[in-house]
Participant: 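I'd like to ask you about the structure that follows.
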Protein chains: 2
Amino acid sequence: MVKRICHGATNCPVARSLDAIGDWWSLLIIRDAFRGRRRFGAFQKSTGAAKNILTTRLRGLVDYGVMEMVPASDGSAYQEYVLTEKGLDLFPVVIALWQWGEKHFFEPGETPPVLRDRRRKKPIPELAVLAADGRRLRHTGTTLMPQF
Amino acid sequence: MVKRICHGATNCPVARSLDAIGDWWSLLIIRDAFRGRRRFGAFQKSTGAAKNILTTRLRGLVDYGVMEMVPASDGSAYQEYVLTEKGLDLFPVVIALWQWGEKHFFEPGETPPVLRDRRRKKPIPELAVLAADGRRLRHTGTTLMPQF
DNA sequence: CCGTATCCATTCCGATACTG
DNA sequence: CAGTATCGGAATGGATACGG
């Protein structure tokens, strides 16, 4: 998005997704939007992005329909940035990244922030790719039709 | 990885993941590794990356333990690049990106390549974030402990 | 507080050329 | 085929300054 026009009209869903959100800053913004951040300044603090960078990324996300601007909830004259339905659909992406990082990038001594089920307060089990009949799939269990 | 040292030791699992794979090219390489690509030239063709870019990205992925180099399976003098266990754990990430792109970036007329269960030949249902007791969670159903 | 605009050093990208 | 080296143009990132 911000950078790459990709190679024209690629046929691959992953590449198209990455065009919109395949960027360090954009993903961090989305992560924080899921954590309830809405304001420019809040994103700035929580992502650590410079203001101009934040501006371009937010604009890109809005252009791609991932976020939208709404009048500030506190009555101030500003806008807030909230995830659209399309943006909310990124929840599994964020969770998948979260769990992968949690599993592979924390030393035994470190304690990563844990994602919990709000109701039962239990940690969330690892995301699994399931077939229609509920069987758990590994990548060898999937196939592409047609190839691209 | 390739670019960003991140802001030191961030505590967020998502940020740590992105440090390793939060890059357009790296993710495309990983996507293709899941599709069975192993050779330098194969990645070059399927990702469209320039050779020098591909070199740095592959090296980065190896450094992060996502891929490893193994002797070529066909007896040639070269190496092949294969996903490690850590890399294979990215399967949900790739599937999540795949499904999001499939859902939101294809016009009614276009037909994206469809991901199917190899055994039953049925399309794979959307990834869902499930609680320990099997309830489907939306982002509002999750909480972070402790915050970061 | 919310952005936009500008400047500059750094990095990245892509093409090409070159080696085994 | 599998890389490494290099080069110029472009984009990025960070700081700062400025205006609503």
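These numbers were taken from a predicted model, which means no experiment stands behind them. Order of the sequence lines fixes the chain letters, A, B, ..., with proteins taken first and strands second; residue numbering starts at 1 for each chain.
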Participant: Does the salt bridge (charged side-chain N to carboxylate O under 4.0 Å, His left out) test come out yes or no for B:Arg39 and B:Asp74, once each step is laid out?
Facilitator: CA-CA 11 Å; B:Arg39 296 290 279 259; B:Asp74 63 357; 3.2 Å; yes
Participant: From CG of B:Leu58 over to P of D:dC1, roughly how many Å is that when rounded to an integer?
Facilitator: 16 Å
Participant: Grab the CD-C1' distance between B:Gln44 and C:dA15 for me, whole Å please.
Facilitator: 12 Å
Participant: Tell me, with the steps shown, if A:Tyr81 and A:Glu68 meet side-chain contact (heavy atoms from CB on, under 4.5 Å).
Facilitator: CA-CA 6 Å; A:Tyr81 299 86; A:Glu68 61 186 339; over 6 Å; no
Participant: When you measure from the side chain of A:Asp32 to the backbone N and O of A:Arg35, does any donor-acceptor pair fall under 3.5 Å?
Facilitator: no
Participant: Grab the OH-C1' distance between A:Tyr81 and C:dC1 for me, whole Å please.
Facilitator: 12 Å
Participant: Going by modelled atom types, is there a donor-acceptor pair between the base of C:dG3 and the side chain of A:Asn52 at under 3.5 Å?
Facilitator: no
Participant: Would you say A:Thr142's side chain and B:Arg116's backbone share a donor-acceptor pair under 3.5 angstrom?
Facilitator: no
Participant: Using salt bridge (charged side-chain N to carboxylate O under 4.0 Å, His left out), reason through A:Lys103 and A:Glu126 one step at a time and then give a plain yes or no.
Facilitator: CA-CA 10 Å; A:Lys103 179 170 178 181; A:Glu126 256 189 80; 3.8 Å; yes
Participant: Nearest to the side chain of B:Trp25 - D:dG14, C:dC13, D:dG13?
Facilitator: C:dC13
Participant: Between B:Asp23 (CG) and C:dC12 (P), how many Å, whole number?
Facilitator: 9 Å
Participant: Treating B:Thr143 as the side-chain partner and A:Arg118 as the backbone partner, does any N or O pair qualify as donor plus acceptor under 3.5 Å?
Facilitator: no
Participant: Near DNA chain D, counting only heavy atoms under 4.0 Å, which residues of residues 31-40 of chain B show up?
Facilitator: B:Arg39, B:Phe40
Participant: Would you say a side-chain N or O of B:Arg59 is under 4.0 Å from OP1 or OP2 of D:dA2?
Facilitator: no
Participant: Looking at A:Arg37 and A:Glu80, does any basic side-chain N land under 4.0 Å from a carboxylate oxygen?
Facilitator: no
Participant: Look at the side chain of A:Lys51 and decide which nucleotide, out of C:dC2, D:dT12, C:dC18, has an atom nearest to it.
Facilitator: C:dC2
Participant: By nearest nucleotide on DNA chain C, pick out whichever of A:Gly41 and B:Ile53 is the more 5' one.
Facilitator: A:Gly41
Participant: Report yes if at least one side-chain N or O of A:Thr55 is closer than 4.0 Å to OP1 or OP2 of C:dG3; otherwise report no.
Facilitator: no
Participant: Is A:Arg120 reaching over with its side chain to a backbone N or O of B:Ala132, donor-acceptor style, under 3.5 angstrom?
Facilitator: no
Participant: For D:dG13, does OP1 or OP2 lie under 4.0 Å from any side-chain N or O of A:Arg57?
Facilitator: yes
Participant: Have a look at the helix from C:dG3-D:dC18 to C:dG20-D:dC1 and give the angle its two end axes make, five pairs each, rounded to 10 degrees.
Facilitator: 30°
Participant: Got a sec, which pairs hit ring-ring contact (aromatic ring centres under 6.0 Å, His included) with one end in residues 31-51 of chain B, sequence neighbours left out?
Facilitator: A:His139-B:Phe34, B:Phe34-B:Phe91
Participant: In whole Å, I'd like the distance from the CH2 atom of B:Trp24 to the C1' atom of D:dA11.
Facilitator: 16 Å
Participant: Using whole Å, report how far CD of B:Gln79 lies from C1' of D:dG3.
Facilitator: 11 Å
Participant: Would you sort out whether A:Asp117 and B:Arg135 count as a salt bridge (charged side-chain N to carboxylate O under 4.0 Å, His left out), showing the intermediate values?
Facilitator: CA-CA 10 Å; A:Asp117 165 8; B:Arg135 284 165 23 252; 3.1 Å; yes
Participant: Between B:Leu54 (CG) and C:dT16 (C1'), how many Å, whole number?
Facilitator: 17 Å
Participant: Roughly, in whole Å, what's the span from CD1 in B:Ile29 to P in D:dA2?
Facilitator: 14 Å
